Undergrad: 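Pasting a structure here, questions to come.
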Amino acid sequence: MDAKLIVDEVRLTPILISDPPLLNVQGVHQPSTPRLVVEVITRGGVSGLGETYGDGVYLDLARPLAEALPGHPVTDVNALFTLATATDPTPATGATSATAPALGAEEPDAGVSAAGLRGVRTAEKLRLSVVSAFETACLDALGKTLGLPVHALLGGKVRDTVEYSAYLFYRWAAHPGAEAADDWGPALDPAGIVAQARRFDRLHGFRSFKLKGGVFEPEREIAAIRALAEAFPGRPLRLDPNGAWSVETSLAVARELDGVLEYLEDPASGTGAMAEIAARTDVPLATNMCVTTFEEVPEAFAKGAVRIVLCDHHYWGGLGRTRELAALCRTYGVGLSMHSNTHLGISLAAMTQVAATLPELHHACDTHYPWQTEDVVTTRPVFRDGRLAVSDAPGLGVDLDRPALASLHRRWLDDDGTLRDRDDAAAMRRADPAWRPSTW
């Protein structure tokens, strides 16, 4: 093995990035959210970048993996999964933190994780999210060393641009007790959601719109979707209440919005509930909660619970496994879209590189990125007509802004621990101590 391809050092930099007061079924985004930047440096002096969640449970898993990786070649990304399992500090139950539920312990299907709203939370899902950042960093370093874009390492691109969807949120004008950090203002009714969509259309040219639901009673969210359909006739529309509804409520919403929605994402929690809804409506159901690992695929596909799976390289263990998921969906005739978390430019670059290689990606990808005002890359990606150009530069095609990284890391160091673990419910209860998640 060429010494230039051997890992010499791994740097982990937890950061806190500003986040607006976006509402969801689990509460409200905190003023800052944690992310983890992973740098894999080779003996040839090349630095590869990766990004994932930065909560304490992820750091607990990332640190021993970072210590074990030096000496391994950046080409050996398949070995990352074995190495991550071997270095897991608590393999029996998974890592835990003071603010997170015990991992490995069962959580009810009706629950949603504040650290991603991804359904049942397990140690294995956390491990895959950590591995994803290391795999991306290794591929970035390999691409830079060989002078190839990451998409070439994944088999080559099938499109030159990747379409993204505007991500609409009910939101407050500002976090409680703080001055407004942006000029978006509140969006708490259909008019506010339409105004938000118009601005996304004007600024970025997005052609499709997804509304994060589960915040208000279903009738209010149906009205918002209908208002969007009137304002943007013919545009694809999506609604995602993150499993907040019962089967009967989900069916009632599907009846009201039949012919209006491109798809209804996770109206209820759990494969069983989704399968029951799917059997009784023609509205396509999509998921980012009941199918987030390969182990969850057989039951969901056999029961016909979903017609579209939202891939996410953070969840599935990296870019390679995202391609494996795409092949599986193609085999079973299940559509493919792409999920987004509160991410920065490194993740957006990785999303775009893998999306460019997926022939069956027939739905615009989600992205939170336009909501983020801070970044750790030197040049912010620019959406044109709702699309990002696929970079042909070596690696991911992004460079690290080290002063920005240092500044955001100092924010993490200065935090008293309140914001180092994302907890939307706790943030909401600080504003309203009596608040509890609603279900309908």
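Just so you know, these numbers come straight off a predicted model, no measurement behind them. Throughout, numbering of the chain's residues begins at 1 and tracks the sequence.
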Undergrad: Looking at every non-hydrogen atom in both residues, tell me the closest pair between Leu148 and Leu153 and how far apart they are.
TA: CD1-CD2, 4.1 Å
Undergrad: If the threshold is 4.0 Å, N to carboxylate O, is there a salt bridge linking Lys125 and Glu296?
TA: yes
Undergrad: Considering only heavy atoms from C-beta outward, does the side chain of Val247 approach that of Arg280 to under 4.5 Å?
TA: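 With C-beta onward as the side chain, the pair touches.
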Undergrad: Glu374 side chain to Ile17 main-chain N or O, any donor-acceptor pair under 3.5 Å?
TA: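 Between the backbone of Ile17 and the side chain of Glu374 there is no qualifying donor-acceptor contact (under 3.5 Å).
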Undergrad: Drop me the distance from Leu310's CG to Trp316's CH2, to the nearest 0.5 angstrom.
TA: 10.5 Å
Undergrad: Look up atom CD in Glu360 and atom OG in Ser337, then write down how far apart they are to the nearest 0.5 Å.
TA: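 One gets 13.5 Å once the value is rounded to the nearest 0.5 Å.
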Undergrad: Report yes or no: does Glu221 contribute a side-chain atom to a donor-acceptor pair with the main-chain N or O of Val215 at less than 3.5 Å?
TA: yes
Undergrad: Apply the test side chain to side chain contact (heavy atoms under 4.5 Å, CB included) to residues Cys329 and Leu325: give CA-CA distance (whole Å), side-chain angles for both, the deciding distance (0.1 Å), then the verdict.
TA: CA-CA 6 Å; Cys329 288; Leu325 171 65; 4.0 Å; yes
Undergrad: Within the side chain of Ser347, is there an N or O that forms a donor-acceptor pair under 3.5 Å with the backbone of Leu344?
TA: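 It does not hold such a pair.
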Undergrad: Begin with the C-alpha distance, continue with both residues' side-chain angles, and end with the deciding distance and a verdict on side chain to side chain contact (heavy atoms under 4.5 Å, CB included) for Tyr170 and Asn24.
TA: CA-CA 8 Å; Tyr170 292 105; Asn24 58 54; over 6 Å; no
Undergrad: Once you round to the nearest 0.5 Å, how far does CG of Leu336 lie from SG of Cys311?
TA: 4.5 Å
Undergrad: For Leu188, does its backbone N or O pair with a side-chain atom of Arg220 as donor and acceptor, under 3.5 Å?
TA: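 A pair under 3.5 Å: yes.
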Undergrad: Using a 4.5 Å cut-off on heavy atoms from C-beta on, say whether the side chain of Ile346 contacts that of Arg35.
TA: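 Not touching, per the 4.5 Å side-chain cut-off.
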Undergrad: State, to 0.1 Å, how close Leu388 and Pro381 come at their nearest heavy-atom pair, and which atoms those are.
TA: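 Nearest pair, atom of Leu388 first, then Pro381: CD2-CB, 4.0 Å.
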Undergrad: Are Leu228 and Leu168 close enough, and set up right, to give a side chain to side chain contact (heavy atoms under 4.5 Å, CB included), and what steps lead you there?
TA: CA-CA 11 Å; Leu228 287 169; Leu168 310 178; 3.8 Å; yes
Undergrad: Go through the steps for Phe216 and Trp440 under the test ring-ring contact (aromatic ring centres under 6.0 Å, His included), then give the verdict.
TA: CA-CA 9 Å; Phe216 298 116; Trp440 288 273; 8.6 Å; no
Undergrad: Mind running salt bridge (charged side-chain N to carboxylate O under 4.0 Å, His left out) on Arg422 and Asp19 for me, showing each step along the way?
TA: CA-CA 11 Å; Arg422 178 177 166 181; Asp19 214 9; 5.9 Å; no
Undergrad: Can you find a pair of side-chain heavy atoms, one from Ile277 and one from Pro267, that are under 4.5 Å apart?
TA: yes
Undergrad: Has the side chain of Trp245 got a donor or acceptor atom that lies under 3.5 Å from a matching backbone atom of Pro218?
TA: no
Undergrad: For the pair His368 and His343, name the ring-plane relationship: parallel under 30°, tilted 30 to 60°, perpendicular over 60°.
TA: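 Plane angle over 60°, so perpendicular.
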Undergrad: May I ask you to check whether over 12 heavy atoms, not counting those of Glu217, lie within 6.0 Å of atom CD?
TA: yes
Undergrad: Got Pro14 and Leu59 here, is their nearest side-chain heavy-atom distance under 4.5 Å?
TA: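 Touching, per the 4.5 Å side-chain cut-off.
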Undergrad: Quick one: are Asp424 and His29 in side-chain contact, heavy atoms under 4.5 Å?
TA: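 Side-chain contact under 4.5 Å: yes.
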Undergrad: Are any non-hydrogen side-chain atoms of Val162 and Cys365 less than 4.5 angstrom apart?
TA: yes
Undergrad: Backbone N or O of Leu23 within a donor-acceptor pair of the Lys212 side chain at under 3.5 Å?
TA: no
Undergrad: Looking at every non-hydrogen atom in both residues, tell me the closest pair between Thr52 and Ser129 and how far apart they are.
TA: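 It is OG1-O, 2.9 Å.
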Undergrad: Got a second to check how far Asp240's CG is from Asn288's CG, nearest 0.5 Å?
TA: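 Nearest 0.5 Å value for the CG-CG distance: 7.5 Å.
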Undergrad: Taking the six-membered ring where the residue is Trp, are the ring centres of His204 and Tyr164 under 6.0 Å apart?
TA: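 So the answer is no for these two rings.
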Undergrad: Any non-hydrogen side-chain atom of Met338 less than 4.5 Å from a side-chain atom of Asp366?
TA: no
Undergrad: Nearest 0.5 angstrom please: Gln196 CD to Trp184 CH2, how far?
TA: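 Going from the CD atom of Gln196 to the CH2 atom of Trp184 covers 6.0 Å.
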Undergrad: For the atom pair OG1 (Thr281) and CD (Glu276), what is the distance rounded to the nearest 0.5 Å?
TA: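 If we round to the nearest 0.5 Å, Thr281:OG1 and Glu276:CD are 12.5 Å apart.
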Undergrad: Keeping Asp140 on the side-chain end and Gly395 on the backbone end, is there a donor-acceptor pair under 3.5 Å?
TA: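 No; zero donor-acceptor contacts below 3.5 Å.
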Undergrad: Could you pull out all residues at least two apart from Ala68 that satisfy side-chain contact (heavy atoms from CB on, under 4.5 Å)?
TA: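 Only Leu83, Thr87 meet the side-chain contact (heavy atoms from CB on, under 4.5 Å) criterion with Ala68.
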Undergrad: How about Leu80 and His72: do any of their side-chain heavy atoms sit closer than 4.5 Å?
TA: no
Undergrad: Any donor and acceptor pair, going by atom type alone, linking the side chain of Arg63 with main-chain N or O of Leu12 inside 3.5 Å?
TA: no
Undergrad: Might you confirm whether atom CZ of Phe294 has over 12 heavy atoms from other residues, nucleotides or ligands at distances under 6.0 Å?
TA: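 Result for CZ/Phe294: enclosed.
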Undergrad: Considering non-hydrogen atoms only, spot the tightest contact between Arg380 and Asp375 and give its length.
TA: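 Minimum heavy-atom separation between Arg380 and Asp375: NH1-CB, 4.1 Å.
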Undergrad: Search all heavy atoms of Leu396 against all heavy atoms of Ala349 and return the closest pair with its distance.
TA: O-CB, 3.9 Å
Undergrad: May I ask you to decide if the ring planes of Tyr369 and Phe383 are parallel, tilted or perpendicular, using 30° and 60° as cut-offs?
TA: tilted
Undergrad: Judged by atom type as modelled, is there a donor-acceptor pair below 3.5 Å linking the side chain of Thr161 to the main-chain atoms of Arg387?
TA: no
Undergrad: Filter on salt bridge (charged side-chain N to carboxylate O under 4.0 Å, His left out), then keep only pairs touching residues 257-267, sequence neighbours left out; what's left?
TA: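 Pairs touching residues 257-267 that pass the test: Lys210-Glu265, Arg238-Glu262.
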Undergrad: Take Leu61 and Asp88 through the test side chain to side chain contact (heavy atoms under 4.5 Å, CB included) and record every step on the way to the result.
TA: CA-CA 6 Å; Leu61 294 171; Asp88 187 335; 3.4 Å; yes
Undergrad: Using the test side-chain contact (heavy atoms from CB on, under 4.5 Å), find all partners of Ser391 that sit at least two apart in sequence or belong to another chain.
TA: Gln353, Ala393
Undergrad: Please report the closest heavy-atom contact between Lys144 and Ser47, naming both atoms and the distance.
TA: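 So the minimum-distance heavy-atom pair works out to NZ-O, 2.8 Å.
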Undergrad: Can the ring centroids of Phe209 and Phe232 be said to lie less than 6.0 angstrom from one another?
TA: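 Phe209 vs Phe232: aromatic centres under 6.0 Å.
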Undergrad: With distance as the sole test, does Arg11 use its side chain to make a donor-acceptor pair with the main-chain N or O of Ile41 at under 3.5 Å?
TA: no
